[in-house]
Amino acid sequence: MINITLPDSSIREYSSGITGLEIAESISSRLAKEVLSVTVNGEVWDLTRPISQDSTVRLNTWDDKEGRHAFWHSSAHLMAEAIQTFYPGTKFGIGPSIETGFYYDIELPDDKQLTEKDLEKLEQKMLELAQQKSPFVREDISKKDALDFFSKRNENYKVELINGLTDGSITLYKQGDFTDLCRGPHIPNTGYIKAIKLTSVAGAYWRGNEKNKMLTRIYGVTYPKKKMLDDYLILLEEAKKRDHRKIGKEMELFMFSAEVGQGLPMWLPKGTILRGQLQKFLSQVQKRFGYTEVITPHIGDVKLYKTSGHFQKYGKDSFQVINTPVEGEQFMLKPMNCPHHAEMYKFKPHSYKDLPIRFAEFGTVYRYEQSGELHGLTRARGFTQDDAHIFCRPDQLKDEFMKVIDIIFIIFKALNFKEYTAQISLRDPNNKEKYIGSDENWNKAEQAIVEACEEKGLKTITELGEAAFYGPKLDFMIKDALGRSWQLGTIQVDYNLPERFQLEYIGADDKRHRPVMIHRAPFGSMERFIGVLIEHTAGKFPIWLTPDQAVILPISEKYNDYATKVLNLLNNSDIRAVIDDRNEKIGKKIRDNELKRIPYMLIVGEKEVESGEVSVRRQGEGDKGSMQMEDFANMIKKEVHDQLAFIYN
RNA sequence: GCCGAAUUAGCUCAGUUGGUCAGAGCAGCUGAUUUGUAAUCAGCAGGUCGGGGGUUCGAAUCCCUCUUUCGGCUCCA
């Protein structure tokens, strides 16, 4: 007999060789139906794998990541089986589960291309195979046998994978006529899979390396119930409606033009108001934190970027140098603001008492991003960073770093961003040539970030190889409508550029010292931030940001003059309002997405003209009754103030 | 940059095997209506079918190419 400890700390006794599924059955028949995988002493197992020692066990259902993982990973195998029946000779790469669903990378025989119709065909086949309820059978195999098995089938990708594994830890999984190299775990049989949607085909490099062959990647998602798939597809549709590219067009915030060029956003009047409000907001916050604003040009001498190291690292992938009538004179569009700010620091000698110096600039930069990577506002070729560089003494570093975290929190709070990931991005220790600077400096910088985060009690994840080339950073990632993660706020510690630019200050000891530099952009860039903000709010911004705070609707043409008078009065009290004088039925206007995103509606007609008031309706809240313009303006001002009150405390 | 899918009116989209296929709705304009919270009526106007080549008696439709867009990969200062 063995003792099984369950998550609630209760201990049950079972005979040795009991399986996860049997444990579930002994608890309740309903659990037995829902359970998908089992975690045994921290390792996720198949439900049908016998447990022969005392163990801590957790049964994973759809609500657990481990349960969904087993389900979707099994679905990848099912898809592979379907692919194999239609296209014998297909070579399989890897087929993992992802956050939602799964994919499989494959090389089809004769470079066959898959179309939408092929996907439907595959879906049908998968359903058919699922109905056969083929069990997933696990088999331990020696490295030699595994190599033999896959070599015989010309499965060179699998052979490569096996070569990287240690003998004794290799397992195969078989279901129906399909056998795959796989660590598992899997669901008991294919019959669990009831609803299937293959979502897209894409190219993907083998092992993620650009130099390798490009395989065909098929994405899919499956569910244990048909209804769950339907719900997911509806959710996807809803998410698409929040796409910032769509809303940006509808609200006339920004545009792109093929004539101007790819990846170069242009801000329309309303978008400019929105962006201006955000800048004003951050400017105010920064002022309180002791920043001073500066302005630098959009281009710089190539020599500047050679000093900084940017030219050597990115020169050939950038917008190319700008020549002048003078032979040998070359400029570059600035890809970042740091070199300019470093030069500004050198404008005059600094005492240790002057530090920290904080130069802030909403600086527009240009980067030649690969064409396939461009994505609306979130990845553009010209964008404006809410940049600042803090030059400080080493003993001030941690404190300064933490103050930047505070600024980021103020922003997230003001815009109601609750779900973010704080990522410490360090250098890849196995790939040091990608970075500039000494080990000593890197260690100091990395340590400073880790300590500052600890002291702030910030929950972080750590990624190796994600650092900037001159220093490690702390990045704040936020997801867009479709769940794609974007880096917004970033704080970077840099010991290297101060050295390259030979920045110094005179210490209390009357000797020259090197300052440390913090690069930081709490929004990341105005463009990306607004892109993500649009998707989070679906275009319904907090009232202090929204381009039009109120829309004035005259119920007929007769009242247009009065509406104009209202507009003027509001504009004079700094309320952003517009007239919608299309003079049609009010009900018809309300359906417009454009109007739905304006917080206040002011209806004016005969009644209002007589009383000299406006009828006020707050979107989503209903009628507020009639009031004087002045009262209305004060109401908006109070709302704005309330939303931002916490900044002033 | 790579793989794949697209590109038709300001917007959202139809358009069958190449032959009344230049279409609809919304927006716009002109009238009529003067209306109080999700669609008032009538009419008009809008497009070298993304650009350029080609095949064909004939191309929105088939082929090539370029632009831009979308989904991924890679990249991301």
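Per chain, numbering begins at 1; letters A, B, ... match sequence-line order.
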Sugar-phosphate, base or nothing in reach of A:A202, heavy atoms under 4.0 Å: base
Touch class at under 4.0 angstrom, heavy-atom based, for A:R484 against every strand present: sugar-phosphate
Heavy-atom side-chain contact between A:K125 and A:F86 under 4.5 Å: yes
Non-neighbouring partners of A:E639 that pass salt bridge (Lys or Arg N to Asp or Glu O under 4.0 Å), sequence neighbours left out: A:R618
Sugar-phosphate, base or nothing in reach of A:E259, heavy atoms under 4.0 Å: nothing
Sugar-phosphate only, base, or nothing, as touched by A:F256 at under 4.0 Å among non-hydrogen atoms: nothing
Minimum-distance nucleotide to A:P335 side chain [options: B:rA77, B:rG1, B:rC3]: B:rA77
A:K241: partners by salt bridge (Lys or Arg N to Asp or Glu O under 4.0 Å), with sequence neighbours left out: A:E238
5'-most by nearest nucleotide on RNA chain B - A:K313 or A:D623: A:D623
Any residue meeting side chain to side chain contact (heavy atoms under 4.5 Å, CB included) with A:D428, in chain and number order, not counting sequence neighbours: A:N430, A:N431, A:Y435
Integer-rounded Å distance: B:rC75 P and A:H375 NE2: 18 Å
Candidate nucleotides B:rG72, B:rC73, B:rU68, ranked by approach to the side chain of A:Q262 - the nearest: B:rU68
What donor-acceptor contacts under 3.5 angstrom involve side-chain atoms of residues 297-307 of chain A, with partners at least two apart or in another chain?
residue: A:D301; atom: OD1; partner: A:K303; partner atom: N; Å: 2.9
residue: A:T307; atom: OG1; partner: A:K303; partner atom: O; Å: 3.0

Sugar-phosphate, base or nothing in reach of A:G372, heavy atoms under 4.0 Å: base
Length of the CZ-P vector between A:R367 and B:rC75, whole Å: 17 Å
Touch class at under 4.0 angstrom, heavy-atom based, for A:S318 against every strand present: base
Secondary-structure string, 5' to 3', Watson-Crick or G-U under 3.5 Å, | for another-strand partners, for RNA chain B: ((((((...((((.....[...)))).(((((.......))))).....(((((..]....))))).))))))....
Set of residues satisfying salt bridge (Lys or Arg N to Asp or Glu O under 4.0 Å) with respect to A:K432, sequence neighbours excluded: A:D439
Separation of B:rA77 C1' from A:H340 NE2 (nearest whole Å): 14 Å
Sugar-phosphate, base or nothing in reach of A:R245, heavy atoms under 4.0 Å: sugar-phosphate
Rounded interatomic separation in angstrom, taking NE2 from A:H519 and C1' from B:rA77: 10 Å
